[in-house]
Amino acid sequence: NRWQNKTFYIIRDFYRFRYRNTDNPMILKAPRYFLEEIVAPACNNDKNIIQAFADIPRALFVDEGMKVKAYEDKALPIGMGQTISQVTTVANMLYMLELEKNNNVLEIGSGSGFVTALLSRLVTHVYAVELLPQLMEKARTAIKSLRIINVSMKSDDGGKGWKEYAPYDKIIASAGATRLPQSLAEQLKEGGILVLPLNNNLMKYKKVNGSLIEEKGMACSFVDFVGS
């Protein structure tokens with residue numbers, strides 16, 4: 001049955017990742033049910049987003065004890081009180097961003113680095129900001145192991161954005177906020193899109209004639225936004 005198949009793939013991929021002798025973590029491929037039943041419906045069957053999830057092994061971005069759960073649709077702890085976000089939420093946020101290959105994207109609260117890595121497959125360059133230095137270095141190591149070169153990372157207050165490379169075509173925040181940080185709105189390019197969790201809902205903002213047009217998305221749960 002379907003559950004037995006899922007269990008088989010999870011256990012198979014866990015041991016393949018743990019014991020195969022190779023320096024290339026790309027050997028860990030997402031199981032078919034993960035892509036077809038979890039990712040695809042959440043991103044309206046966007047082929048580019050589905051391919052990004054196929055290319056980037058989520059198990060690489062979770063702790064050893066969590067790898068067996070990497071392809072479940074659950075938020076998982078990554079240490080220091082932080083989590084890697086639920087798969088369907090991430091896929092939906094990427095779809096809401098209306099990403100294009102020539103985009104430059106600012107990511108706030110990069111955490112494990114998983115969303116950073118996914119974005120690297122979808123756009124020209126990703127600028128990722130993470131408040132916790134230890135978490136950022138851990139994410140940098142995972143991203144470097146995948147030989148990703150179109151990512152810049154720094155540890156800083158995400159509420160300030162990253163003014164040096166602004167404006168951005170798209171901005172995504174992976175921490176729950178109670179208000180929209182003004183710096184992020186200012187660093188969004190005209191015609192650009194910003195997606196973030198706000199008061200337990202995903203919110204999409206598009207900048208039109210200098211003003212932000214708001215669109216409410218699905219309910220969500222994120223760790224709290226820490227910053228200005």
Less than 3.5 Å apart, which donor and acceptor atoms pair up between the side chains of residues 40-49 and the rest of the protein, not counting sequence neighbours?
{"from": "Asn44", "atom 1": "ND2", "to": "Tyr95", "atom 2": "OH", "distance (Å)": "2.9"}
{"from": "Asp46", "atom 1": "OD1", "to": "Asn48", "atom 2": "N", "distance (Å)": "3.0"}
{"from": "Asp46", "atom 1": "OD1", "to": "Ile49", "atom 2": "N", "distance (Å)": "3.0"}

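- In this structure, Arg58 contributes its side chain and Tyr71 its backbone to no donor-acceptor pair below 3.5 Å.
- Judged as a side-chain contact (heavy atoms from CB on, under 4.5 Å), and not counting sequence neighbours, the contacts of Asn209 are Glu190.
- Here the side chains of Pro57 and Leu146 are in contact, with some heavy-atom distance below 4.5 Å.
- With a 6.0 Å radius and a threshold of 12 heavy atoms from other residues, nucleotides or ligands, Gln134 has its CD atom at or below the threshold.
- The backbone N or O of Ile38 sits nowhere less than 3.5 Å from a side-chain atom of Asp73 that would complete a donor-acceptor pair.
- Formation of a donor-acceptor pair under 3.5 Å by the Asn104 side chain with backbone atoms of Tyr168 is not found in this model.
- Annotation: side chain to side chain donor-acceptor pair (under 3.5 Å) contacts of Gln51 (sequence neighbours excluded): Asp55.
- For Asp169, the side chain to side chain donor-acceptor pair (under 3.5 Å) criterion is met by Lys189, not counting sequence neighbours.
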Next item on the list: Give the C-alpha distance, both sets of side-chain angles, the deciding distance and a yes or no for side chain to side chain contact (heavy atoms under 4.5 Å, CB included) between Thr83 and Leu76.
Entry: CA-CA 5 Å; Thr83 62; Leu76 300 173; over 6 Å; no

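- A side-chain contact (heavy atoms from CB on, under 4.5 Å) with Val126 holds for exactly one of Ile172, Thr116, Ile143, Val115; it is Thr116.
- Side-chain N or O atoms of Lys154 include none that pairs as donor or acceptor with a backbone N or O of Ala128 at under 3.5 Å.
- Side-chain contact annotation: Thr124 with Asn102, donor-acceptor N/O pair under 3.5 Å absent.
- Relative orientation of the Tyr127 and His125 rings is tilted, given thresholds of 30° and 60° on the angle between their planes.
- Between the side chain of Lys206 and the backbone N or O of Ile193, no donor-acceptor pair lies under 3.5 Å.
- Identified under the salt bridge (charged side-chain N to carboxylate O under 4.0 Å, His left out) test for residues 74-103, with sequence neighbours left out: Glu72-Lys74, Glu98-Lys204.
- Screening Ile213, Ile171, Leu212 for a side-chain contact (heavy atoms from CB on, under 4.5 Å) involving Lys207 leaves a single residue, Leu212.
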Next item on the list: List the steps and the verdict of side chain to side chain contact (heavy atoms under 4.5 Å, CB included) for Glu130 and Met153.
Entry: CA-CA 8 Å; Glu130 169 56 48; Met153 305 181 75; 5.9 Å; no

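- A donor-acceptor pair under 3.5 Å is absent between the side-chain atoms of Ser120 and the main chain of Ile148, judged by distance alone.
- With sequence neighbours excluded, the residues satisfying ring pair (Phe, Tyr, Trp, His ring centres under 6.0 Å) with Phe53 are Phe114.
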